[in-house]
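The structure appears right after this line, and notes come after that.
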Amino acid sequence: MKLIEKIVLHNFKRFRNLDLALNDKLNILIGENETGKSSVLSAVNLALSGSRTQIEAIGVERLLNCDAVEEFLNSNKDYNSLPIMFVEIWLNEQNNHELSGKNNSRDVDYDGLRMECGPNNELGPEIREILQSNDRMFPFEYYEVKFNTFQGNAYSGYKKFLRHLSIDTTLIGHERATREYVRNVYEANLEGAERQQHQHLYRKAKEDFSRSALSTLNERVEGYAFSIKSDPKSNLDTDLTVLEGGVPIDHKGKGKQCFVKTDFALARATGPRQVDLLLLEEPETHLSHVNMRKLIGKIRGAHNQQLLIATHSNMISARLNLRNTILLHSATDQAISLNDLPKETGRFFIKAPDHGILDFVLSKKSILVEGDAEYILMERFYSEISGRTLEQDDIHILSVDGTSFKRYLDIAKLLNIKVAVIRDNDKNYSLHCEDRYRAYVGETIKVFADRDEERYTFEVCLYCDNRGICDEIFGEARRSLSVQEYMIKHKTDAALALLETERDVTCPAYIQEAIQWISS
Amino acid sequence: MDKQLVLAVAGAGKTKLLIDKLDRERRALIITHTTNNFRNINSRIATTFGFLPHNIQVMTYFSFLYGFCFKPFLLKKTGVRGINFDRCGNIRAVGRARYIDSNQRAYANRLAKLIQESGAGAEVTARIGKYFDLVMVDEVQDFAGNDFNFLPVIASAETDALFVGDFFQHTYDTSRDGGVRKNLHKDYGRYIAECEGIGLTVDRETLRHSYRCGPELCNYITDSLGIAIGSHRQDTTGISFLERESEIREIYNDPAVIKLFYQNADGHHACHSRNWGASKGEDHYTDVCVVLNQTSYRLYRHANLRALRPSTRNKLYVAMTRCRGSLYFVEEKALRGIAPKAI
């Protein structure tokens, strides 16, 4: 199996330096907007395509890191320090000497491909002239792109060292993207010299048509003749489409297209021309919940391809195992693999209810609470105590079952997320609130609970601290249950009622502490 | 690991020996010196297998040296951007300037040395071993200067190695570099000793008989040039010296007979002609007319051709051994009245 082991980016779009190790099978890139998920996919796509025209169409200006350009313009503009941009695709052992050598950023003998964009040295004198002028002009137009294997030989899109297919749902419906897709799956399904055969027969069919069907017409137009075009703009490649159930895929709805394209690409997994790598950009776009589940099933079933998926979807990242997730941060160039999560934690999130795990993963600070009642009241408590809102402080709240706190703390520990765990002491503070979390508690993780074992649960604390208000709100209608019993039995109703009351509700002390700690 | 040098005579089936070693399984690399032979070997492979199998790679020596050996390890490090086939003009150049010109091109004649001096020799050896099971070098007699010194890098790889060549067909050098290996080709015995020193088992038996040249020609070469060559053939051919003008004219104008000149083939493009040295590797002539220049004619007359300078003697040997059928000699001077005036 052909695999990308590592992607190295230098001055590519927002990345100054990125060193991204990939899993053999699934790689799910997550990150806030603008963290560079799409850039990684596009880097891989460009480097594997080996297409100069694609780079020219995008423009060096948009590929070269802005800070690198800015730094250069602020320096003494020395020719030799003109920034270069490169993308390296490090492959597993390919047993192909054309791919191996030390022509890479690490000077290590390895198999791989490198796309490099730098000043065209043949235009050195002209570039120097531009640099010497006083204008703050960067010589983008004088940059050239080179595609070389690590051996040092040039390659182009014609030679496929690794077959990849890019499905960008944000481009679905674009003619060029569709044509590219059709061509790729067509190639992936070909055997032997079928392509040449098809092209030959297609041209012949056109000629036959021109000769027979158009002949009577052409006899009337003396000196001229009508004929069917057969040129680069109208040939088998341009006329080919893929049907599903008799309907061309580009005539289907966007959601369906996305699904069908991915499915079809995944299904072609054998033969010498199989697709080795599938790049999926935000597959959740246009997909219904049901189709998304189906798609996830298909992806999980794919065994012969490596996948690189950029997504915002909680479901995709959790269901395909968080351990396959790679997190990109906007602040740093570092990518964090969740590969180091314990296996059981990965399995847990595959099966766990969808709680917005991505929001947690992407957060810098989070509060984990044990139940919906705490969740409902937390926002109110937070703004009363800190004077700010949760959004302002970028704090995420998650209500999870008390037994699964540890799963989340595994993630928090790995990603350095500051987490306040708020829980009940369940009548045994040291057991439930101390012993259990000893492996996690530290500078960034703290557990907050009431130390008084009489105050064993949130509702009890709430009632004790707000006896007057609670009696007033819940007292009237009670017959058999006490107010406290009612609150315990109807936790969310009670919480909602307290949320809506205009009276001042006192926040239990341990929650106050938690809020002060997390917001500091 | 089998490491062999087979020394052959002309027309004994060197190429066949190489081709016979190939199959669809073993990963084989064949290195040739001339592009002539590169094409020839490729077409022989295609004839043998019906196409060019993926497990077999044929490379010319410099594409092997630059592409396979130099680039993977030293391209980035040196910033070299191509090869310069001219010599370094400054014999006192030191350091980088000895190996790489101001346009960042590596001097071809020192490329092998540059690889070794940069300490990449062991990596190249490992690389050959990694990608191939069998390495064969054709026309090995042409390896000279730094390129001969590079042979151990190839021979010590974890592969079987088969080098073939004909010491007396040494008419070109892969490259030269001042006094480096200047005396390598001076003496056959010493040459063999040098090759054994690399770790090659030298085989002078297998290919000592020519299939191409008949016994009469082989005996004549052995006697007149002092180059031992046997023949597998029993039939009679002929060797004659053309003297009558009508005869000379007839042969000169016969497109079926190749006219081989010492170095003046260009002046005789009106007829089917080539230079002695340039005919090396060619295998499709029947009757051959060897045109003797002034020096060789004089020595021919005195039955003392072996007194020719070794390089000239080798070229004459190449020319004579192109012949399957009748061999004609003619004095170059005698062609003057016959050849059309040069334009």
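Chain letters run A, B, ... following the sequence lines, proteins first, then strands; residues in each count from 1. What you see below is based on every heavy atom in this structure, not just the backbone, and it leaves out hydrogens, waters and symmetry mates.
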(request) Decide if the gap between the ring center of B:Y107 and the ring center of B:F85 is smaller than 6.0 angstrom. (result) no
(request) Determine, using ring centers only, whether B:Y172 and B:F143 are less than 6.0 Å apart. (result) no
Go through the atoms of [X] and report whether side chain, backbone, both or neither lie under 4.5 Å from a heavy atom of chain A.
X: B:R27; value: neither
X: B:K77; value: neither
X: B:Y131; value: side chain
X: B:F132; value: side chain

(request) Answer with side chain, backbone, both or neither: which region of A:N148 has an atom nearer than 4.5 Å to a non-hydrogen atom of chain B? (result) neither
(message) Between A:D109 and chain B, with a heavy-atom cut-off of 4.5 Å, which part of the residue counts as in contact: side chain, backbone, both or neither?
(response) side chain
(message) For the interface with chain A, which of B:K130, B:K76, B:E123 has the highest count of heavy-atom pairs at distances below 4.5 Å?
(response) B:K76
(message) Could you check whether atom CZ of B:R181 has more than 12 heavy atoms from other residues, nucleotides or ligands sitting under 6.0 Å from it?
(response) yes
Residues [X], [Y]: salt bridge by 4.0 Å N-O rule:
X: B:D160; Y: B:R26; value: yes
X: B:D177; Y: B:R110; value: yes
X: A:E71; Y: A:R16; value: yes

